[in-house]
Amino acid sequence: MDHNRAPLWEALQKHHSYTQANFHVPGHKAGQAFDQEGSLYFSSVLPFDLTEVGDLDDLHDPIGAIKEAQALAADAFGAGQTRFLVGGTTAGVLASILSICRPKDKIIVARHCHQSVFHGCFLAGATVIPIPYAVDPSSGLELPISPEDIDRLLIKHPEAKAVILTSPTYFGVVQRVREISKIVHRYQIPLIVDEAHGAHFGFHPQLPIPAIRDGADISIQSTHKMLPAMTMSSMLHAKEWIDMNQVDLYLKMIQSSSPSYPLMASLDLARRYMMTEGERQLSLVMERIHFFRKKLEKIKAVKEIKRQSTMDPFRLTIESSYYTGYKLAEALESKGVYAELSDERKVLLVFSVGTQLAELDILYQTLMDLHVDKQVAKSKNKPMLLIPREGEIIPYAECRTRERCFIPVKHAIGKRSATHLVPYPPGIPLVLMGERIHQEVIDYLLFLLTLGGKVRGLIEYQGDYWLYVYQEIE
Ligand SMILES: Cc1ncc(COP(=O)(O)O)c(C=O)c1O
């Protein structure tokens with residue numbers, strides 16, 4: 001296939017040069033009317049912010065440029081079939097689950113999946129069977145899921161309709177997809193991998209194998225996160241045997257009927273960029289990161305959290321004995337340096353083909369100049385570590401019909417949460433909707449809030465934190 005081509009981008013350019021008069025949406029009419037100041041910045045993109053006219057094809061029923069662009073993407077990413085997504089990986093995760101699970105079907109889900117996975121299960125009315133996970137106490141990073149745990153759960157729930165994992169995780173932990181897929185396939189069910197953070201895999205021999213080439217049946221990647229594509233643009237990759245009619249049906253329901261052409265074209269262009277320049281650019285940035293990692297060893301105030309060789313090298317997690325993660329991120333921000341996320345202990349830095357040497361120099365200098373206060377080091381709270389307890393979750397089909405009530409957090413212990421309680425970022429629920437609320441989780445979430453963290457699901461009201469719980473029917 002000719003990866004120098006970008007069929008959707010070409011169709012947009014052709015359309016733009018051929019158009020004489022525009023009597024269709026959007027109302028800015030290819031940028032002819034727009035806020036004057038905004039137009040200074042948006043004017044180069046607006047002519048391509050079009051709709052399904054002429055030869056621009058239709059995402060929901062592609063027969064031309066979009067179909068070709070998706071076929072090129074499937075070839076580039078090693079999939080049998082690929083779909084462009086304009087609602088992020090979230091849209092692909094929701095559609096995958098909805099296409100496979102009917103109400104009350106069981107689905108085996110890694111407990112540390114992103115909230116979008118649990119939202120998909122909720123919408124499908126599926127029953128979540130959580131796969132437990134362990135955390136390495138020294139690094140605070142989650143360990144890869146054990147294939148034996150999945151085997152054990154499949155023996156117990158052979159009627160499960162799918163297994164879903166996150167790989168890599170936010171901090172770059174890659175799952176043993178090949179081994180796990182062999183176990184899952186014994187039950188003739190699909191393995192779905194949320195690969196939101198792994199769209200760059202497969203474009204360099206030193207990077208992990210992408211899930212779809214390693215045994216997964218469906219993988220969903222946030223192209224916008226790790227490749228040069230616009231925010232919200234993602235791809236869903238599937239093996240040939242996946243029934244895409246079902247996936248497409250739900251994508252139609254979940255995504256806009258006016259999908260953004262700049263987003264879709266950015267997917268087409270990201271694929272072309274990676275196929276033509278990706279490996280060279282990844283090598284260059286990997287070299288820069290390697291050099292940066294070496295220099296980081298000399299800095300006293302921070303250190304990199306030890307990583308396994310199988311982890312994604314494009315993620316670097318640092319911690320400091322002088323700062324909580326939140327305070328360290330604040331210190332960086334005060335110098336105009338922005339990290340991907342921070343938590344009570346650590347700060348995550350994410351690199352990509354776009355990372356410039358000059359930015360790494362600024363980061364290095366900022367870390368070198370950090371104020372080191374020995375008193376703080378002594379008094380710094382020991383980071384708490386909390387792994388959700390293994391507990392049974394109310395089937396989501398039942399959750400949807402249960403009454404909810406809004407109560408102060410101190411009265412919620414022992415009740416079942418009617419909302420996910422999610423430290424954000426990274427967006428991994430510590431209490432799932434339908435799970436019992438334990439005192440230690442509430443203590444931990446309140447502790448995060450006192451340190452400046454954010455927790456979705458806890459609402460400040462009348463000087464306290466409140467939340468929604470299900471009314472007990474027992
Ligand atoms: C593991 C994981 N999956 C899915 C998502 C959702 O991706 P998107 O923002 O592309 O919808 C995220 C977002 O951060 C994520 O971290």
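As the structure lists them, so they are numbered: ligands from 1, and atoms in each ligand from 1.
Considering Ile192, Asp243, Ile107 as possible partners of Ile100, the one that fulfils the side chain to side chain contact (heavy atoms under 4.5 Å, CB included) test is Ile192.
Closest to atom 11 (O) of ligand 1, if we only count protein heavy atoms, is Thr90 OG1, 2.6 Å. Remark: minimum distance from atom 9 (O) of ligand 1 to any protein heavy atom is reached at Lys225 NZ, 3.5 Å. Of all protein heavy atoms, the one lying nearest to atom 16 (O) of ligand 1 is His197 NE2, 2.7 Å. Nearest protein neighbour of atom 8 (P) of ligand 1, counting heavy atoms only, is Thr89 N, 3.5 Å.
Under a 4.0 Å criterion applied to the non-hydrogen atoms of Ser222, ligand 1 contributes the atoms 7 (O), 8 (P), 10 (O). Within the listing of ligand 1, atoms 10 (O), 11 (O) sit less than 4.0 angstrom from a heavy atom of Gly88. Taking a cut-off of under 4.0 Å to the non-hydrogen atoms of Tyr170, the atoms of ligand 1 that pass are 16 (O). Remark: ligand 1 atoms within the under-4.0 Å shell around heavy atoms of Ser234 are 10 (O).
Under the 3.5 Å distance criterion, with hydrogens and angles disregarded, no donor-acceptor pair is assigned to the side chains of Tyr470 and Glu398. A side-chain donor from one of His28 and Asp49 sits under 3.5 Å from a side-chain acceptor of the other. Side-chain contact check for His237 and Arg83: no donor-acceptor pair (N or O, by modelled atom type) lies under 3.5 Å.
Using a non-hydrogen distance threshold of 4.0 Å, Met232 does not register as a contact of ligand 1.
Remark: Lys346 qualifies as a cation-pi partner of Phe171 under the 6.0 Å distance and 45° angle criteria applied to the six-membered ring. Relative to the ring axis of Tyr424, Arg456 places its NZ or CZ within 45° and under 6.0 Å from the centre. Seen from the ring of Tyr133, Arg111 does not count as a face-on cation partner, given the 6.0 Å and 45° thresholds.
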* To do: Under the side chain to side chain donor-acceptor pair (under 3.5 Å) rule, what do Ser234 and Thr89 come out as? Steps first, then yes or no, please.
  => CA-CA 6 Å; Ser234 288; Thr89 289; 3.2 Å; yes

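When non-hydrogen atoms are compared, ligand 1 lies under 4.0 Å from the side chain of Asp194 (C-beta onward) but not from its backbone. Within the 4.0 Å heavy-atom criterion, the part of Thr166 lying near ligand 1 is the side chain and not the backbone.
Below 3.5 Å of separation, one finds an N or O of His224 facing an N or O of ligand 1.
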